[in-house]
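Presented below is the structure to which this report refers.
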Amino acid sequence: MTEQDLMRLAVEMLDKAYVPYSHFPVGAALECGDGTVYTGCNIENAAYTPTVCAERIAFFKAVSDGRRDFRAIAVAGGKDGVDACTPCGVCRQVMAEFCDPETFQIILAVDAKHYDIYTLKEMLPKGFGPSNLTE
Ligand code: THU
């Protein structure tokens with residue numbers, strides 16, 4: 001799957017976002033090592049704190065399906081159509097649990113036509129992850 005294809009799937013998820021409070025839809029598309037894609041959208045809640053970001057929905061769908069091997073995630077979101085949405089700290093930490101910081105790619109929409117690509121290490125420098133707990 002190309003970066004453009006993955007981003008297109010993330011953008012398609014904007015329509016599924018449940019955002020009655022922030023009106024800030026986010027879509028994500030997570031590609032596994034074998035090319036399988038899991039999508040996610042943010043799902044908000046009247047009590048606010050149960051809200052879950054699009055990226056974590058995609059990860060938890062995949063992990064609950066037995067997946068552990070991930071290549072890249074595309075993320076798009078914003079109040080005005082396809083826009084930039086950079087992953088929150090909690091989502092970066094979830095990525096660090098399952099992904100190699102050196103190689104996992106985070107593809108972020110800039111606008112409807114452009115995106116930037118970062119490694120997880122760039123987005124979570126000096127992060128704490130599973131390797132910190134191994135002896
Ligand atoms: N949100 C995401 O879905 N992903 C992020 O990385 C940042 C924020 C959602 C949470 C909430 O529903 C809305 O965007 C505004 O914070």
Side-chain angles (χ1 to χ4, degrees):
M1 168 145 314
T2 66
E3 283 80 19
Q4 287 98 325
D5 289 337
L6 206 58
M7 182 56 76
R8 181 176 44 77
L9 293 174
V11 168
E12 281 176 15
M13 290 304 290
L14 292 171
D15 288 338
K16 303 246 173 54
Y18 177 73
V19 289
Y21 307 106
S22 74
H23 305 289
F24 189 100
V26 182
L30 173 65
E31 186 180 14
C32 301
D34 68 356
T36 308
V37 175
Y38 288 83
T39 56
C41 61
N42 50 339
I43 302 175
E44 299 186 341
N45 190 280
Y48 293 179
T49 51
T51 292
V52 182
C53 294
E55 298 92 319
R56 270 176 291 146
I57 296 282
F59 266 94
F60 294 161
K61 282 167 69 177
V63 172
S64 66
D65 217 8
R67 314 310 296 242
R68 293 288 189 280
D69 178 29
F70 303 109
R71 191 190 76 75
I73 190 167
V75 184
K79 291 202 175 199
D80 304 311
V82 182
D83 209 344
C85 175
T86 184
C88 79
V90 173
C91 288
R92 293 178 203 205
Q93 188 64 35
V94 168
M95 292 175 197
E97 187 65 29
F98 297 106
C99 306
D100 180 345
E102 306 274 353
T103 60
F104 185 69
Q105 292 193 329
I106 301 171
I107 305 159
L108 298 184
V110 175
D111 56 38
K113 291 202 173 81
H114 304 95
Y115 55 82
D116 290 326
I117 303 178
Y118 303 89
T119 63
L120 176 56
K121 190 176 181 183
E122 288 175 309
M123 301 225 61
L124 189 64
K126 300 194 183 297
F128 186 88
S131 65
N132 293 101
L133 296 177
T134 55
E135 294 169 20

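Numbering of ligands and ligand atoms starts at 1, following listing order. Numbering of residues begins at 1 and proceeds along the displayed sequence.
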- prompt: Under 3.5 Å, side chain of Gln93 to main-chain N/O of Leu124, donor-acceptor pair present?
  reply: no
field: Per-atom contacts, ligand 1 versus Phe24 - under 4.0 Å to a heavy atom
entry: 13 (C), 14 (O)
query: If you count the atoms of ligand 1 from 1 in the order shown, which ones are under 4.0 Å from a heavy atom of Ser22?
result: 13 (C), 15 (C)
field: Side chain Asn42, main chain Phe24, donor-acceptor under 3.5 Å
entry: yes
Per-atom contacts, ligand 1 versus Thr86 - under 4.0 Å to a heavy atom: 6 (O)
field: Expected output: side-chain Lys61 to main-chain Thr39 donor-acceptor under 3.5 Å
entry: yes
task: For the pair Glu44 (side chain) and Ser22 (backbone), establish whether a donor and an acceptor sit closer than 3.5 Å, ignoring hydrogens and angles.
output: yes
- line: Heavy-atom nearest pair, Ile73 first then Ala28, reads CD1-CB, 4.1 Å
query: So is Val75 close enough to ligand 1, meaning a heavy atom under 4.0 angstrom away?
result: no
For atom 4 (N) of ligand 1, closest protein heavy-atom neighbour: Glu55 OE1, 2.8 Å
- request: For atom 1 (N) of ligand 1, find the nearest protein heavy atom and state the residue, atom name and distance (0.1 Å precision).
  value: Cys53 SG, 3.6 Å
task: Flag yes if more than 12 heavy atoms outside Tyr48 fall under 6.0 Å of its OH atom; otherwise flag no.
output: no
- prompt: Do Glu55 side-chain atoms and Cys91 backbone N/O form a donor-acceptor pair below 3.5 Å?
  reply: no
query: Starting from atom 7 (C) of ligand 1, which protein heavy atom do you reach first, and at what distance in Å?
result: Cys85 SG, 3.8 Å
- prompt: Closest non-hydrogen protein atom to atom 11 (C) of ligand 1, residue and atom name please, with distance?
  reply: Glu44 OE2, 3.3 Å
- request: Examine ligand 1 and decide if any of its atoms is less than 4.0 Å from a heavy atom belonging to Pro87.
  value: yes
- line: Residue, atom and distance of the protein heavy atom nearest atom 3 (O) of ligand 1 read Ala54 N, 3.0 Å
field: Phe98 ring center within less than 6.0 Å of Phe104 ring center
entry: no
Nearest candidate to atom 13 (C) of ligand 1, where distance is taken over non-hydrogen atoms, out of Val26, Ile43, Asn42: Asn42
